[in-house]
Amino acid sequence: ATPNEPKDEL
Amino acid sequence: NAIRLAGDMSHMASFFVLLFKINKSKSVAGISLKTQELYVLVFCTRYVDIFWNHLSLYNSLMKVIFIALSVMIVYVMRRGVPQRSTYNPELDSFPHHWLVLPCVLLGVAINQDPTSPFEMAWAFSIYLEAVAIMPQLHMVQKHGEAENLTSHYIFLLGLYRVFYLVNWVYRYMTEDGYWQAIVWVSGAVQAVLYLDFFYNYVKSKQKD
């Protein structure tokens, strides 16, 4: 993930 | 993907096993309140983005469920009658401040965007989750052996971690540019902490 990309895992 | 879903499901199952145990046996003996409170801290600092990141209904819903279930467990342990009188603080003696403090420093120092407080909080939660089980494992060691449901609970938590590790390998191979150094290293550390427990868990199941 690039910085500030929404976190898609829990 | 299915591997990650399996991870989330075993994670959620772990909460339910623990809630079932403390409701049915009316006892929280052998359960570390410190570990449970650390998990509340982990979820509350990681899921701040619930207010602005709406990736999917699944993600948002699971975040709410994880926060709610972890708060519920701490609530029963602290306020539940008769559960609160069955807690053994003298066995729950792991110096948890020594887990939180380094994680705060690491979260501030190593994150995905040093200008963003959210990224610091998020990185902190990743680091803290990696070590949050330590008070619980320490308690199991002091107790000698964990009750059946308690050991199932810890097993499910470790299983969740293993599924996530495999999921990362899978995503790395199938998704272009998928790269999550902080999460991978912390996740690997977290998995290593369970090795000794897994070994004993499988051994005692074979004996049964």
Side-chain angles (χ1 to χ4, degrees), chain A, chain B residues 1 3-5 7-12 42-43 45-50 52-56 58-67 111-123 125-126 129 160-161 163-165 167-168 170-172 175 177-184 186-187:
Chain A
T2 52
N4 293 320
E5 195 176 297
K7 322 292 191 193
D8 64 350
E9 287 177 347
L10 296 165
Chain B
N1 65 63
I3 313 161
R4 194 203 128 184
L5 184 66
D8 289 342
M9 290 306 115
S10 52
H11 197 178
M12 191 154 74
V42 163
F43 296 131
T45 50
R46 185 174 310 168
Y47 299 155
V48 204
D49 67 345
I50 198 171
W52 66 86
N53 277 339
H54 299 286
L55 284 155
S56 64
Y58 173 82
N59 257 50
S60 301
L61 197 65
M62 290 298 273
K63 286 173 179 175
V64 175
I65 291 174
F66 281 9
I67 294 175
N111 53 64
Q112 292 180 344
D113 179 2
T115 63
S116 157
F118 164 68
E119 290 293 337
M120 292 180 190
W122 182 83
S125 84
I126 297 289
E129 186 191 347
Y160 138 70
R161 207 20 54 177
F163 277 129
Y164 257 69
L165 285 176
N167 151 67
W168 294 328
Y170 173 76
R171 290 190 70 175
Y172 181 74
E175 285 176 38
Y178 179 75
W179 184 261
Q180 293 238 63
I182 291 176
V183 173
W184 292 343
S186 313

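Below, chain A is the first sequence line, B the second, and so on; all start at residue 1. These numbers come from a predicted model, not from an experiment.
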Atom OH of B:Y58 with >12 non-hydrogen neighbours under 6.0 angstrom | yes
Query raised in the report: Are the charged groups of A:E9 and B:R46 less than 4.0 angstrom apart, N to O?
Result: no
Hey, are B:R171 and A:D8 close enough for a salt bridge, meaning a charged N less than 4.0 Å from a carboxylate O?
-> yes
If one checks every heavy atom of B:N59 against chain A at 4.5 Å, the contacting part turns out to be both
Whatever's closer than 4.5 Å to a heavy atom in chain A on B:N111 counts as neither
Closest heavy-atom pair, A:K7 versus B:D49, reported as atoms and distance to 0.1 Å, is CG-OD2, 4.2 Å
I would like to know whether B:R4 and A:L10 meet side-chain contact (heavy atoms from CB on, under 4.5 Å); could you show each step before the answer?
-> CA-CA 9 Å; B:R4 194 203 128 184; A:L10 296 165; 3.7 Å; yes
Greatest number of non-hydrogen atom pairs under 4.5 angstrom with chain A, of B:Y47, B:W122, B:Y164, falls to B:W122
